[in-house]
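Below is one structure, written out as C-alpha cells; the observations come after it.
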Amino acid sequence: MKDDLKFESIFLEILADLYDAEKQIIEALPKLIAEADSELLAGALQLHLDETKEQVVRLETIFERIGEQPGSGRSEAMLGLISEGEKSLGKFRKSPALDIALIASAQKVEHYELAAYGSACRLAEMLGQEDALELLQDTLEEERTADENLAEVAEGILTGDDAAAEDSGEEE
Ligand code: FE
Ligand code: ZN
Ligand code: FE
C-alpha cells in the first residue's frame, strides 16, 4: 500500500513532466515546420503537431479522471532538447543539412517521449488505471510512428531518394 502511493506519485510526476513537454513541443514545432527545406519533412512535422495537440488533451483527460492537477512545473529536459534543436536553425539555412539536423533533434524528442510514455504505461497498468493506460498507449503509438517517419525522411534525404520516401509515406 505504502509503495502503491509512491508508485502513484511517480506516475503523476511523469505525466506532469509530459504535459509541460508536449506544450513546449506545440510551441516549437511551427518554427521548425517553417524552416524545413523538405516538404516531406514539413508534412511529417505538421502531422505530428496535430497529434501532439490531441496528446495534450489526452493528458488533461487523465488528470481530470484521477482528480489531480498537472501543476505548472517545467520539463527542464524538454527545454534542453528543444533549445539544442533550435541552435541548428541558426547554423544552417534552408538546406538538406538543416533538415538532417532538425530530424536528429526531433528524434531525440521522440525518444524522450517514448521512454516517458513507456514508463507511464507500465505504471498505469500496475496501478489498475485502465482508462489512462488506453490513452497513454494511443500516444505511445503516435510517438513511435512519428519517430519511424522521421527516420524514413532522413534516409530519403541522405540517399537522395526523397521521391521513394514520399511513395512509401503515402502507402501507410
Ligand atoms: Fe508527444
Ligand atoms: Zn507499433
Ligand atoms: Fe512526439
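Order of listing sets the numbers, starting from 1, for every ligand and every atom in it. Throughout, residue positions are numbered sequentially from 1 according to the sequence presented.
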Total protein N/O/S atoms whose distance from the Fe ion (ligand 1) is less than 2.8 Å: 5
With a 3.5 Å distance limit and no angle check, can you tell me whether E110 reaches the backbone of A146 through a side-chain donor-acceptor pair? no
Just list the side-chain donor-acceptor pairs under 3.5 Å for residues 57-68, sequence neighbours left out, or say none.
{"residue": "R58", "atom": "NH1", "partner": "T139", "partner atom": "OG1", "Å": "2.8"}
{"residue": "R58", "atom": "NH1", "partner": "E142", "partner atom": "OE1", "Å": "3.1"}
{"residue": "R58", "atom": "NH2", "partner": "E142", "partner atom": "OE2", "Å": "3.0"}
{"residue": "E60", "atom": "OE2", "partner": "Y19", "partner atom": "OH", "Å": "2.6"}
{"residue": "T61", "atom": "OG1", "partner": "V57", "partner atom": "O", "Å": "2.9"}

Quick test of your reading of the model: are E125 and R122 salt-bridged, counting only N-O distances below 4.0 Å? no
Listed pairs under 3.5 Å, donor-acceptor, residues 93-104 side chains, sequence neighbours left out:
{"residue": "K94", "atom": "NZ", "partner": "A34", "partner atom": "O", "Å": "3.1"}
{"residue": "K94", "atom": "NZ", "partner": "A36", "partner atom": "O", "Å": "3.0"}
{"residue": "S95", "atom": "OG", "partner": "R93", "partner atom": "O", "Å": "3.0"}
{"residue": "S95", "atom": "OG", "partner": "A97", "partner atom": "N", "Å": "3.3"}
{"residue": "S95", "atom": "OG", "partner": "L98", "partner atom": "N", "Å": "3.1"}
{"residue": "D99", "atom": "OD1", "partner": "D37", "partner atom": "N", "Å": "2.8"}
{"residue": "D99", "atom": "OD2", "partner": "D37", "partner atom": "N", "Å": "3.4"}
{"residue": "D99", "atom": "OD2", "partner": "S38", "partner atom": "N", "Å": "2.7"}

Do E143 and H48 have a side chain donor and acceptor closer than 3.5 Å? yes
Please name all residues satisfying side-chain hydrogen bond (donor to acceptor under 3.5 Å, both in side chains) with Q46, sequence neighbours left out, ordered by chain then number. D50
